[in-house]
Amino acid sequence: MGMKASQPRIGLSGVAGILAPGTRNLSDLAAAGALSSSPATLMEFGFELAHMADATTGVEELAFQAATAAMADAGLQPHEIDVLIWASARPENHLCRAAAPASDVLNGFRYGSAWLQHALDLREAEVMALAQQGCSTMFSALRVARSILEAEPKRRHVLCVGVDVLPPGAPREIMFNVISDAASAVVVSRDAPAETWIGYRQISRGYYWDPSASGPEIVAGYFPTAKALIDDLLAEHGLEPTQIDAVVPTGVSRASWEILLDLTGIPRDRLFVEGPAFGHTMTSDTFLYLQQLRAGGRVPRGSKLLLFTFGFGSSWCGLLLEH
Amino acid sequence: MAFTVLMTGATGALGPHLLTELLRSESIGRIYAVVRPSNGADPLGRLWKGVAALSDGSGTETRAGAGAVVPLDGDLRLPRLGIDDHRLTDLEREVDVVVHAGADTRFGAPAAELYDTNVHGTGEVLQIARRCARLRQVLLVSTACVAGTRTGSIAECLERREPRFVNEYERTKWQSEQLAAASGLPVRIARLSTCVGGERSGYVHRAGAIHHALRWLARGLVPMLPGAPGSRMDLISSDVAAGWIARAATRAVEGVDVCHIAAGTRALALEDLIGFVAGRLRQQHAAWIAGQIEPPVVVGAETFELFRRSALSTGDSILARVVESASAFLPGLLYPKVYETSLAERLWGGPLPADCRPTLAKVIDVMCADGRSVRRETEETHV
């Protein structure tokens, strides 16, 4: 399906997601002034709590745990990773916590990607990072990973690590989503046995570049653009909406997924939502759900999966996989 | 013999178009125009402004300035429209035709306010008409929306049985029709479909729901429209509507006559209309030219309601206003219908000009020149 004979069989060989261990319920968050909407409204949207990092479990620890788990899921040793791609929606999460004063310009070069390579002993890996894609940054990381594997036959495994942690005391609600801290990691491999890559589509619309000034436009623009993307992606790969067996969502409002599925003609029962609610983690939602899907075993092999996300910027991204 | 006309709604959305067409008619002499007082503004000046905006250089405004139009301070919500006794005597002696085009057209307005203007106000107009010794006709300007949620072919006849309505505006206009029909006076009911604006320049005297919707659409604030297979949006130019009324005002009527001033079978399918609007925006609106905004998607009732509730739950004021206003009239699209127009066309003398696209294109150019400059206008009462 959409795969040419000459193309390598590329897929996701390892998937892991790690939520920050601390949690606070909506009432606590509201009392702390961290929410702009009422807890009742956010409950109606499907949110229950936020996972929050603390002094002992921050960006580095979450990234380390997710990367370790993904490599274990793929059955790989650190030296087998050819490329490491660090991804985060927020600029501060590209840097490690600094001991030196903030005025030290060298603090700005304490890259999380380099730290992770060192901490995991990814001695063979080439390192890079992706930013400015909002919640779709990890999707772009996967896309780059796949392109590297296609273009460079000697590379076999690319480890993508996404991590997002809000600063201490920051608001926990972004455009009606309750934000959790988390990390995720995906190993994109040549000859992966499952989650085989079928196709990818991205639409980027700079008109919506400023979420502070264009909130209503973004909410309104989300649906027709998402529909256009999914329609195009399915058509490009000869798939009817009803042939999608599972939609792996992000942790945003449940109602928004039902609306989107109605718009695209994908039956609502194809939405894969299992496990306890964790809010919205920016880059990691999809992979927290995908991890559950892989572990659950209830989605048959060969099923067509649609992964979809939206990121400020704004970019809409869709990824088709064969489970 | 030239007819003397008493007119309401002269400063409303259709008012300048209607006044212009009445002035152009050689069969019409004096026009008494009821104008609601507005902060000391000169009533003739207010009428003049709209007529001048539509001027095509044919001298219509000269005739208006020469005294053919007599403004009367009045208000549909007041007994006898608040017109003083002296003037009422003039009207009772002179008026041949009453053109009642005044209405509160705010789809989302409180029911009591709509009733006051649209039903009670019509009752007051009929009372005055009853006392006019030379009365030949009351021409009630109504709306095709009185069909409410009925579907299929909508006949040009009075609907005695009250249908379900999408909003209270529709209900009060249906009630006003019933009132007029029961008056025993010679009544012609002109049910207009949605008037988009002037043909020559796209002039819109007062923005209505369709114009607000176009502005929101230009800005990318309309992600979806409710619709059903076969849904059409029936649009006509304001000039066609006004021209038909001016012509009908001098034609004899007996009993109750109902006509649809509508595109009828030639109304655009909803998807085609969206495609046309999007195509126009892609020619002249920066964000659309750059392909940044997707046109709205047509969805069923359940999905639209889910979106409406979600949008309102967000508490975002702009989105809430767009969704609430849109919800007051867009759900009418869920009930596909085609307005019969044969009686209107018989009076017109042929098919009504039904292709609204040239006019709509001009209106889009005027209304949506810059999507970012959408003003947060409040809808006003049209009297």
Side-chain angles (χ1 to χ4, degrees), chain A residues 35-47 173-177 203-232 252-268 310 313-316, chain B residues 213 215-227 271 274-275 277-278 281-282 285-326 330 370-374 376:
Chain A
L35 302 178
S36 42
S37 303
S38 72
T41 297
L42 295 170
M43 287 278 279
E44 192 181 318
F45 287 171
F47 297 104
E173 182 184 344
I174 298 177
M175 212 170 272
F176 319 109
N177 292 302
I203 294 176
S204 295
R205 297 271 160 91
Y207 175 68
Y208 304 100
W209 74 272
D210 185 354
S212 299
S214 303
E217 285 88 347
I218 291 172
V219 172
Y222 170 82
F223 290 108
T225 313
K227 172 182 164 49
L229 180 139
I230 292 171
D231 288 352
D232 284 355
V252 301
S253 155
R254 172 74 185 237
S256 75
W257 282 100
E258 291 177 348
I259 294 168
L260 181 55
L261 294 180
D262 287 356
L263 295 185
T264 56
I266 299 173
R268 283 187 186 183
F310 163 82
S314 290
S315 288
W316 288 253
Chain B
R215 282 177 171 153
W216 298 328
L217 201 150
R219 190 171 150 182
L221 288 170
V222 183
M224 55 194 82
L225 295 172
E271 283 88 350
I274 291 170
V277 173
L281 289 169
R282 286 181 186 128
H285 189 287
W288 286 81
I289 291 168
Q292 299 291 289
I293 298 175
E294 292 290 331
V297 183
V298 178
V299 299
E302 186 190 359
T303 305
F304 186 76
E305 175 60 16
L306 193 57
F307 172 72
R308 189 189 71 83
R309 280 193 277 115
S310 295
L312 293 178
S313 298
T314 64
D316 180 277
S317 59
I318 294 177
L319 205 57
R321 181 167 178 273
V322 170
V323 169
E324 275 183 334
S325 299
L330 288 178
D370 179 5
R372 289 278 176 182
S373 68
V374 173
R376 296 174 193 184

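Every chain is numbered from 1 and lettered A, B, ... according to where its sequence line falls, protein lines coming before strand lines. The basis for the numbers below is simple: all heavy atoms, side chains too, and nothing from hydrogens, waters or symmetry mates.
With a 4.5 Å cut-off on non-hydrogen atoms, A:R268 touches chain B through its side chain but not through its backbone. Using a 4.5 Å cut-off between heavy atoms, A:Y222 makes no contact with chain B at all. Both the backbone and the side chain of A:T225 have a heavy atom closer than 4.5 Å to some heavy atom of chain B.
Heavy atoms of other residues, nucleotides or ligands lying less than 6.0 angstrom from CE of A:M175 number more than 12. Around atom CD of B:E302, no more than 12 heavy atoms belonging to other residues, nucleotides or ligands sit under 6.0 Å away.
Between the side chain of B:E294 and the backbone N or O of A:A228 there is no donor-acceptor pair closer than 3.5 Å.
Between the OG1 atom of B:T303 and the CG atom of A:L260 there is a distance of 10.5 Å, given to the nearest 0.5 Å.
Of the charged side-chain nitrogens involved, none lies within less than 4.0 Å of a carboxylate oxygen, so that B:R309 and A:E258 do not count as a salt-bridged pair.
B:I293 and A:Y208 make their closest contact through CG1-OH, 3.8 Å (heavy atoms, listed as atom of the first residue, atom of the second, distance). Residue B:S310 comes nearest to A:F45 through the heavy atom pair O-CZ, 3.7 Å, listed as atom of the first residue, atom of the second, then distance. Residues A:A220 and B:L319 come closest through the heavy atom pair CB-CD1, 4.4 Å. For B:R219 against A:Y207, the heavy-atom pair with the smallest separation is O-OH, 3.1 Å.
With sequence neighbours excluded, the residues satisfying side-chain hydrogen bond (donor to acceptor under 3.5 Å, both in side chains) with B:S313 are A:E44.
A heavy-atom distance below 4.5 Å is not found between the side chains of B:I318 and A:E217. Within the 4.5 Å cutoff, no side-chain heavy atoms of B:V299 are placed close to those of A:D262.
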